Amino acid sequence: MTEATISKGTDWGYAPAPESTDHIRLKERYGLFIGGKFVPPISGKYFKTINPANEKALAEVADAGEKDIDRAVQAARQAYEKVWRRMSGRERGKYVYRIARLIQERARELAVVESMDGGKPIRESRDVDIPLSAAHFFYHAGWADKLPYAFPAKKVSPIGVAGQIIPWNFPLLMVAWKVAPALACGNTVVLKPAETTPLTALLFAEICQEAGLPDGVFNLVTGAGPTGAALVNHPDLDKVAFTGSTEVGKAIQKALASRGTKLTLELGGKAAHIIFEDATIDQAVEGIINGIYFNQGHVCCAGSRLFVQESVEEEVVAKLKSRMETLIVGDPLDKNTDIGAINSRAQCDRIREYLKVGVEEGAELFQTSCAVPNRGYWVRPSFFTKVAQSHRIVQEEIFGPVLAIQTFRTLSEVLEKANNTPYGLSGGVWTDKGAKIFKVTRGIKAGVIWANTFNKFDPASPFGGYKESGYGREGGRHGLRAYVELS
Ligand code: NAI
Ligand code: MG
């Protein structure tokens, strides 16, 4: 008999499986998308968007100034008055459907560009971001001619021109969350994507052209904070929708306080993720991983505060450590990658600062031992134990792959700790008992609470927060409300 040829010492690592980029044709330079055409910025200024995994420039995009914003808002106003508000819901719906279909057709290209521009693993952009973006357009296309059924016994009309500002963590998905309900309800749009991830929004503008969307219904202005501020301050907007930091959200709220402009804000979060001793621990560990390490932790509803019942703390932490050691950090375009690049140098610095602060505050840091590439921005999956409620790493949104772990003994104790936060966006609970689920979901002040799962999204399900997490809902019938006038 021959000896077994497979020894236990064999390295069972994955071979590299990079997604091809051969089909990607980025332009060297992108203008603004105004009135159905790509136009150079009046400002004459451009900036580079880079790939955070290798710090190489991908393309130049326009840096829109006040005059550019004015031109875009005027185009949106004209399209609103002359075309879009007058069109029947049935006709509008056809355009929104067409956009959904074109996102599906170009899904592979969109997924690869999303991962190149923002650093998220291709598996996530391919399986989550892009399909969900299409789903949002399909869902809202269905509502376009049925709005009277969404709001029975009311006269439903559009609001007008919407200025929309989105962040960099889910670039195309945030385009979909903002644009799909606006268009379906008969509004026109000027959208500003985040400065580090403008490329899929620019491809989306091409999709609007391909779909034959009437000129000016969707307009895109690229730029950083000052461009966003100029958009918010334009006097001819009827509605502003913002997703991003609580700090900028508050500034926008102040700027609009004296005007009649409608506003919805989707801001930060610091979700409590609660594991009871009767939970299926292995599944709960998967939930913790998904809750905080999905999209490098750049998730407003991330389960960033973990509460483990004392009796299972040792088991949960041990299993979490060994599961974390299997996470592959690296090339976002590799299909095996679990954790990609941190979106920008600034965000990477911010996360590293919090890692330092946590240690200084006396918490105990664990990081996985994986290697990370030399170039680009990376943070290894991390968690803190021995943390106190007053620690900054427990109170503030880190927006990176960093978890703070605390323990609890009783349900009332964990509810009190969970609610001890200025935020109120999301939460999660793992338990075998239905009654406990109801007590937790009723006891926590948050817009979304997942039970025995985490980070599940559906266009039919409203999403949004309480307290400093903002107000207004996106998705579902509740989300339509932000884009209609009722009388
Ligand atoms: P940010 O709030 O500055 O950026 C979000 C968007 O707002 C971008 O498009 C940006 O260009 C725009 N913006 C910036 N200043 C503006 C202004 N004065 N007026 C109008 N628009 C403006 O967020 P940033 O600096 O990229 O990230 C900082 C922190 O914010 C993160 O560490 C995270 O904690 C939080 N954040 C939360 C997000 C969420 O989804 N809730 C998304 C992005 C960031
Ligand atoms: Mg970029």
Side-chain angles (χ1 to χ4, degrees), residues 26 47-61 63-64 69 113-120 163-171 173-175 177-178 191-202 220-234 237 240-256 263 265-271 295-302 304 332 340-354 376-377 379 395-400 402 423 425-426 447 463-465 468-470 474:
L26 290 173
F47 64 97
K48 289 188 173 79
T49 185
I50 66 157
N51 180 340
N54 57 23
E55 299 172 64
K56 284 193 190 138
L58 293 167
E60 278 193 337
V61 293
D63 188 0
I69 300 288
V113 172
E114 199 74 305
S115 284
M116 290 168 76
D117 202 15
K120 65 172 67 200
Q164 305 179 319
I165 298 170
I166 56 172
W168 39 264
N169 50 343
F170 295 92
L173 186 58
M174 289 301 106
V175 172
W177 280 30
K178 293 281 181 285
L191 177 96
K192 193 200 84 65
E195 54 273 36
T196 56
T197 53
L199 292 179
T200 47
L202 286 157
L220 181 73
V221 289
T222 46
T227 306
L231 178 58
V232 168
N233 289 325
H234 195 287
L237 293 181
V240 169
F242 173 77
T243 298
S245 62
T246 294
E247 190 192 346
V248 172
K250 284 179 180 173
I252 291 176
Q253 195 173 25
K254 267 190 207 149
L256 295 183
L263 174 64
L265 296 172
E266 202 264 90
L267 309 175
K270 193 79 186 178
N295 198 28
Q296 295 73 246
H298 302 328
V299 183
C300 48
C301 53
S304 49
I342 298 301
N343 184 267
S344 64
R345 180 183 293 274
Q347 189 60 25
C348 201
D349 291 345
R350 203 172 287 140
I351 297 167
R352 289 194 179 141
E353 178 64 25
Y354 274 111
Y377 317 130
V379 175
Q395 288 296 323
E396 297 173 18
E397 183 177 53
I398 300 175
F399 227 59
V402 184
Y423 294 111
L425 190 57
S426 64
F463 184 91
E468 295 206 5
S469 294
E474 297 186 293

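For this chain, numbers begin at 1 and follow the sequence in order. Numbering of ligands and ligand atoms starts at 1, following listing order. What you see is a predicted model; the values in this text were computed from it and never measured.
- Every atom of ligand 1 with a heavy atom of Gly228 under 4.0 Å away is listed here by number and element: 19 (N), 20 (C), 21 (N).
- Ligand 1 has no atom lying under 4.0 Å from any heavy atom of Phe170.
- Contact annotation for His298 and ligand 1: no heavy atom of the residue comes within less than 4.0 Å of the ligand.
- Proximity of Ile166 to ligand 1, defined as any heavy-atom pair under 4.0 Å, is confined to the backbone N, CA, C and O atoms.
- Minimum heavy-atom separation, Leu220 to Ala201: CD2-O, 3.6 Å.
- Side-chain contact of Glu396 with Tyr354: a donor-acceptor pair under 3.5 Å is present, judged by distance alone.
- Note on Pro198: not counted as a metal contact of the Mg ion (ligand 2), no N/O/S atom lying under 2.8 Å.
- Close approach to Pro167 involves these atoms of ligand 1, each under 4.0 Å from a residue heavy atom: 42 (C), 43 (C).
- Closest approach of Thr49 to Pro198, counting heavy atoms only: OG1-CD, 3.4 Å.
- Atoms of ligand 1 lying under 4.0 Å from at least one heavy atom of Ala194, given by number and element, are 9 (O).
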Is there a side-chain contact (heavy atoms from CB on, under 4.5 Å) between Glu55 and Arg345 once you walk through the steps?
CA-CA 9 Å; Glu55 299 172 64; Arg345 180 183 293 274; 3.1 Å; yes

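- Taking backbone and side chain together, Ser344 holds no N, O or S atom under 2.8 Å from the Mg ion (ligand 2).
- A heavy-atom separation below 4.0 Å is not found between Ala251 and ligand 1.
- Among all protein heavy atoms, the one lying closest to atom 13 (N) of ligand 1 is Gly225 CA, 3.8 Å.
- For atom 12 (C) of ligand 1, the closest non-hydrogen atom of the protein is Ile165 CG2, 3.7 Å.
- Of the angles at the Mg ion (ligand 2), the one spanning O of Ile50 and O of Asp117 is 90° when given to 10°.
- Ile252 pairs in a side chain to side chain contact (heavy atoms under 4.5 Å, CB included) with only one of the listed residues (Val240, Asn233, Leu267), which is Val240.
- Residue-ligand proximity, Glu195 to ligand 1, at heavy-atom distances under 4.0 Å covers atoms 8 (C), 10 (C), 11 (O).
- If you check which protein heavy atom lies closest to atom 2 (O) of ligand 1, you get Ser245 OG, 2.6 Å.
- Atoms of ligand 1 lying under 4.0 Å from any heavy atom of Asn169, numbered from 1 in the order shown and given with element: 40 (O).
- With a 4.0 Å heavy-atom cut-off, ligand 1 is reached by the backbone of Leu267 but not by any atom from C-beta on.
- In summary, Thr196 places an N/O/S atom under 2.8 Å from the Mg ion (ligand 2), meeting the contact criterion.
- Using modelled atom types, no side-chain atom of Glu468 and backbone atom of Tyr423 make a donor-acceptor pair closer than 3.5 Å.
- With Thr222 contributing its side chain and Asp63 its backbone, the two residues share no donor-acceptor pair below 3.5 Å.
- The ligand atoms of ligand 1 that sit less than 4.0 angstrom from a heavy atom of Arg350 are 25 (O), 27 (O), 28 (C), 29 (C), 31 (C), 32 (O).
- Close contacts between ligand 1 and Gln347 involve ligand atoms 31 (C), 32 (O) [criterion: under 4.0 Å to a heavy atom].
- Among all non-hydrogen protein atoms, the one lying nearest atom 44 (C) of ligand 1 is Phe399 CE2, 3.9 Å.
- Less than 4.0 angstrom separates some heavy atom of Thr243 from each of these atoms of ligand 1: 40 (O).
- Between the His234 side chain and the Ile69 main chain, no donor and acceptor come within less than 3.5 Å of each other.
- Under 4.0 Å from ligand 1, the heavy atoms of Ala224 that appear belong solely to its backbone.
- For atom 22 (C) of ligand 1, the nearest non-hydrogen atom of the protein is Val248 CG1, 3.6 Å.
- Scanning the protein heavy atoms around atom 7 (O) of ligand 1, the nearest turns out to be Phe242 CE1, 3.2 Å.
- Between Gly340 and Pro332 the shortest heavy-atom distance is CA-CG, 4.3 Å.
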Determine, step by step, whether Gln296 and Val379 satisfy the side-chain contact (heavy atoms from CB on, under 4.5 Å) criterion, reporting the C-alpha distance in whole Å, the side-chain angles of both residues, the deciding distance to 0.1 Å, and the verdict.
CA-CA 8 Å; Gln296 295 73 246; Val379 175; over 6 Å; no

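- By the 6.0 Å contact criterion, CD on Glu247 is open, its count of non-hydrogen atoms from other residues, nucleotides or ligands being 12 or less.
- Counting protein heavy atoms only, atom 26 (O) of ligand 1 is closest to Trp168 NE1, 2.6 Å.
- From the protein, the heavy atom lying nearest to atom 35 (C) of ligand 1 is Glu397 OE1, 3.4 Å.
- Without hydrogens or angle criteria, Asn54 side chain to Gly376 main chain gives no donor-acceptor distance under 3.5 Å.
- Considering all non-hydrogen atoms of both residues, Lys178 and Leu191 come closest at CB-CD1, 4.4 Å.
- Protein heavy atoms all stay at least 4.0 Å away from atom 4 (O) of ligand 1.
- Not a single donor-acceptor pair under 3.5 Å links the side chain of Lys270 to the backbone N or O of Ser304.
- A centroid separation of 6.0 Å or more is found between the aromatic rings of Trp177 and Phe170.
- The minimum heavy-atom distance linking Val232 with Ala255 is given by the pair CG1-CB, 4.2 Å.
- Counting heavy atoms closer than 4.0 Å to ligand 1, residue Glu247 contributes nothing at all.
- Across Glu114 and Thr200, no two heavy atoms sit closer than the pair OE1-OG1, 2.7 Å.
- Nearest-heavy-atom check against atom 40 (O) of ligand 1 across Gly470, Cys300, Ser344 picks out Cys300.
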